Every structure is written in structure tokens, then in C-alpha cells.
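For reference, the structure discussed in these notes is given below.
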Amino acid sequence: MTDEATGGVPNGSNPIRSVLIVGGGTAGWMAAASLARFLEKLDVRIRVVESDEIATVGVGEATVPPILDFLRQLGIDENEIVRDIKATFKLGIAYRDWTRPGDFYFHPFGPTGFGLGPVSFPAYWLKMFLAGKAARLEEYSMQAMAAVHGKFMRPVHAPNTPLNKIAYALHFDAALFAGYLRRFSVARGVERTSGTVRQVSLHPETGFIEQVRLESGETIAADLYIDCSGFRGVLIEQALKTGYEDWTRFLPCDRALVVQTQSVGPPPPYTLVSAREAGWQWRIPLQHRVGNGHVYSSRFTDDDSARSALLATVDGAPLTDVAALRFTPGRRRKAWNGNCVALGLASGFLEPLEATSIHLIQRGIAMLMKFFPDRDFEPADIERYNKTLEFEFGRVRDFLLMHYAFTERAGAFWEHCRAIPLTETLREKIDLFRGHGRILREDAELFPVQSWLSVMIGQNIVPRRYDPMTDVLDSERIAAKLEEIRATVKQCAETMPPHLDFIREHCAAGA
Ligand SMILES: Cc1cc2nc3c(=O)[nH]c(=O)nc-3n(C[C@H](O)[C@H](O)[C@H](O)COP(=O)(O)OP(=O)(O)OC[C@H]3O[C@@H](n4cnc5c(N)ncnc54)[C@H](O)[C@@H]3O)c2cc1C
């Protein structure tokens, strides 16, 4: 069979003509915006059903740098969206009291230092660090030094300086972000229906979804279904019974309390994470307010104590009531099951430390585009999609687990964390690092070598020996290079504008 649309090339395909997205939170509208943008040349009807009765989760305000690729790919102007969703810039995460009370370390985005000939920065910095001859890792990171001084700017063309490669992400208001993407999608032909899915019919033989019935009685059928219904997993779990892999044994927190507060000063260009007795607390500065949350384990504290701990440590006056959220860390056994792909919380949730959830939505969408199906739903494509997402969730889980497993904090919760058995993949990472300070990044693993290095060093995971390759450089040359990088980073940080001045000049939200 040939098809004129394919220029006479046999396609043999049975193309998708309709997509139904259930859920209008961050995941639903990110998916709708992407489909509208990338399928615009195809004749595909895209509908989003979102419920007015069921609220969105209302959090998800910190991101990681690939979010900027997402916006660019959609053709969205960064200053325009930053203004619209009252965003600020994020250069990384400051960990306060995490390794032990009184301690501080910074996990910056982007590169730290520069390689020297064949030797990577982490390798030669570690050699000097082990000899007690290097400054703190943060001092070699443009992002970290700018962040702690409250400075921000986008990268500029300044070859051989760290200003060339400033890496950043955004903090934003989750509801405004979803609203922006909704307008973007509707303007590109996505149909929005307000309604609640009450019933899902499956094909008796294939088990595929045939149609959904709304509270109003309306039925909607589609070729491809995207479940963005949040923790409920209305399609992927309630209808398809896909199953959930519970990772509570690796990630100890299962509750969060959230409150928005007034800003009390200029927004710092980073997320602040502070350890607490049975978990941790975030502070995410936006242009118009601050988002705060206390994430904790219900095994080690009760909700009232967690609430008091949160309210006692927020800086500004509360603007909202405290909202309570429960979750089970883990992932859906198959993110893609039959003719249904789950994205966002419907596909799993690890926990918010390191702000990876929106990124995993983005990855799910990117992989869906890569393996975009026809109505035959090729099983090999689905299997590869599921394996890729399983790998990416697993690597993020390992990175998070490392934060909990290696601290020196006292108390039952932190002792419990230290006793958590490491996954095999994390054990291998730690062993490689402890041996000769080696860190490997595999495939599409989110966190680069220098993220692992920052957190490992921040949490006192130290190699026994340095990388023997570094002996190709003499120590004086390394010392001089380190000093040069430190001085350049310091000087560049001093010349950068304060974060708030940058926002005011380029992308300040209206009152
Ligand atoms: C405490 C906490 C903090 C977090 N912090 C971060 C962070 O800093 N960074 C980050 O990347 N991620 C974070 N996340 C995750 C992030 O919030 C989510 O990944 C993101 O908001 C996507 O959510 P969602 O769209 O999947 O679900 P939701 O926002 O819950 O949206 C679900 C949608 O489905 C609709 N719906 C539900 N049932 C039905 C039905 N039967 N019929 C029709 N519609 C239905 C609802 O009305 C809603 O529109 C956090 C999560 C938690 C719990």
C-alpha cells in the first residue's frame, strides 16, 4: 500500500487520528502543547479532559535545566513565559544542615572548572582535595558562586570563561505554568473539555481502552490515550490495573505539607533545602511569593509535629492554608500499557528532592515522540519506551537515595536512612567513586558527572585514592590551574548583576 502523504513510500501504517489526554495539570498540558506543536502537520484530533471537581496537585515549582529545551522546542520565548508564570532563575540547590547540623553544601547545575589536557576537572580537583590543597568544590563553579552571592545572568559569548556556559533552570508557579501551556495548546487547535471521567471501557480481547464516559454522560473514544490524571492513574491503574512498584524501601518520605508565604527579600537564584528531624523542607522563591514544603516520613513523625516544624521555620507570612499531600514513592510498572501512556504523577513519583518530576514528564513526552505509534501499537516500541523510562526513573531514584544514605545526622529517621540497603546500581557508583574517584554517566541518565561529584563530596563520600591518570600532570601545574579557575569564577560572579536586577531588566511580572 502506498500513501500520497508519504510521497509514494509504502508506509503500511494505520495512523493515529485521535488522542485523548485525561488530566489538565502540568503533565496534561505539557503533553497537549507538545503534541499540538509536533503533530501539527498530521491530521490528529487532540482533546484534553480536565476535571473541575478534582484539583491539580498544586505543587511542582522547581525544575532542572532541560526545561529550557522544552520551551525552546515549543518555540516559546523565555522572557515572555518567565514574566507570565512569575518565574525566577535557579542555579542549583543549597543544602543546609543536610550532612550534619551547621553544614552547608551547594549542588550547582552545569560544569564546574575546566579539564586540563586529557584529565577531567573532577579527577585533578580530587587529587588536590585529597592532599588538602584544593579549595571547596563550590569555589570552582560559576553557578554556585553566583548563587551564593545572589547573582544571575544568562550565558554570554565569552570564550574560555565560565560565563560561556552558565546553566540554569526555573522556579515557577505551577498553576500559571499549566495555564500558559493550556492557552498555547488551545491556540494550536487542542480541544479542551471540562469533565470528570467516571467510566473506562476496555476491549474484551485486546484489553485496549475503547472509550471513556464522563460524569455528564458524554462518551469519548480515541486511538491513543494519555493518562495525566495524577496520583489516581484513572486509566493506567484504575482501568488497566498496570501495577505500581513501591520504592518506599529506598526513599523514606511519603508525606508533604505545603504553604505559600510572602517574600521577605529579593529572591535568591536557588532552591534552599534544609534537613529536618524526619525529612526536609524546601524554599522556592518566585517573583510574587515563596513556595515552602515539608517532606517527611509518616513512620518517624506525625502530621501535627510536621506542620509545626514547617510553620515555625518559614520566613514570610503565610498566604495560604497548609495543604497536605500523601504519596508512595515509586513508579508504574509500565508507563505505556496497550494504547495508554501515563505521564506525570500517573506514571510514578519519587519525591521532590532534586526537582526531577517535571523532567521525567518531559522525557516521557520526548520518548513518546520518538516511538510515536500507529494503531497497531508495535510491541517492540512499547517495550523500548518502558525500558527507557524504567532506566531513567531508576537512576534518579539512586541519586535521591544517595542523599539519604550518606549523612551523619542523629535521630531515628536519619539512622533509618543510613541503614537503607543501596541498589546495585548505586552501590557500583559509590564503589567506583571510592576507588579512584571515578564517576560514569550512562545513556540518558539525567544527572551529569559533576552533579554526582557535588553531592558525593557534599555528603563526605571520599575516594581512597586519586585517579592515576592525573600523574600525567605535575602538581604545580594543577595548583596553578585551580587557582586560575577560582579567581576567574570569583571575578565573573562579582561582575554579574543581582538576580532581581536581571529579572527587572528582562522579565519582571506585572503587579
Ligand atoms: C510535595 C510535592 C512537591 C513537588 N515538587 C516538585 C518540584 O519541585 N519539581 C518537579 O519537577 N516536580 C515536583 N512535584 C511533582 C509535580 O507536582 C508533578 O509532576 C506535576 O505537577 C505533574 O502533575 P500531574 O499533572 O501529573 O498531576 P496533577 O497536577 O494532580 O493533575 C491531575 C489532573 O487530572 C485531573 N483528573 C484527575 N482525575 C480525573 C478524572 N477522573 N477525570 C478528569 N480529570 C481528572 C485533575 O483535575 C487534574 O487536572 C512535586 C510533587 C509533590 C507531591
Side-chain angles (χ1 to χ4, degrees), residues 24-27 29-30 50 52 54-64 67 81-91 93-94 96 147 150 169-182 230-231 253-276 279-296 301 303-327 344-345 349 351-358 499-500 503-504 507-511:
T26 301
W29 288 111
M30 281 177 75
E50 60 179 330
D52 292 333
I54 305 170
T56 60
V57 70
V59 278
E61 303 194 320
T63 60
V64 288
I67 189 72
I81 192 168
V82 165
R83 211 174 286 129
D84 221 275
I85 63 179
K86 302 186 194 277
T88 62
F89 297 95
K90 172 182 172 189
L91 292 164
I93 304 178
R96 191 164 69 184
L170 302 175
H171 295 128
F172 53 61
D173 182 310
L176 295 179
F177 184 56
Y180 183 99
L181 294 179
R182 180 197 288 140
F231 289 128
C253 295
D254 59 355
R255 297 275 193 282
L257 295 173
V258 182
V259 68
Q260 298 173 3
T261 55
Q262 277 174 353
S263 310
V264 291
Y270 57 86
T271 304
L272 176 65
V273 162
S274 308
R276 295 279 174 259
W280 60 277
Q281 191 167 322
W282 81 71
R283 194 176 72 194
I284 296 178
L286 306 182
Q287 290 194 35
H288 57 312
R289 62 167 172 81
V290 174
N292 307 271
H294 183 187
V295 180
Y296 56 99
T301 190
D303 298 345
D304 288 343
S305 310
R307 176 183 296 257
S308 310
L310 174 65
L311 292 176
T313 47
V314 292
D315 283 340
L319 297 169
T320 57
D321 290 336
V322 176
L325 296 162
R326 294 173 171 219
F327 58 91
L345 300 173
F349 179 59
E351 72 132 281
L353 191 68
E354 294 287 348
T356 48
S357 193
I358 293 172
H499 181 213
L500 187 57
I503 291 175
R504 283 192 177 133
C507 42

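On a predicted model such as this, the values are computed, not experimentally measured, just so you know.
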Say whether, by atom type as modelled, one donor and one acceptor occur between the side chain of [X] and the main chain of [Y] under 3.5 angstrom.
X    : Y    : value
E351 : L353 : yes
H294 : A306 : yes
Q287 : C507 : yes
T88  : P267 : no

Which atom pair, heavy atoms only, marks the closest approach of [X] to [Y]?
X    : Y    : value
K90  : T63  : NZ-O, 3.0 Å
I358 : A62  : CD1-O, 4.4 Å
Y270 : A147 : CE2-O, 3.4 Å
V295 : P352 : CG2-CG, 3.8 Å
P285 : P268 : CG-O, 3.1 Å
A174 : V59  : CB-O, 3.5 Å

Are the side chains of [Y] and [X] in contact, using a 4.5 Å heavy-atom criterion?
X    : Y    : value
W29  : E50  : yes
E61  : F177 : no
V258 : W282 : yes
R504 : L500 : yes
D173 : Q260 : no
L319 : Q262 : yes

Do Y296 and L310 pass the side-chain contact (heavy atoms from CB on, under 4.5 Å) test, and can you show the C-alpha distance, the side-chain angles, and the key distance before you say yes or no? CA-CA 11 Å; Y296 56 99; L310 174 65; over 6 Å; no
Consider side chain to side chain donor-acceptor pair (under 3.5 Å). Of D315, T320, T313, T261, which one does N292 pass it with?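 Passing option: T261.
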Angle between ring planes, F89 versus H499, binned at 30° and 60°: parallel, tilted or perpendicular?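 Aromatic pair F89/H499 classed perpendicular.
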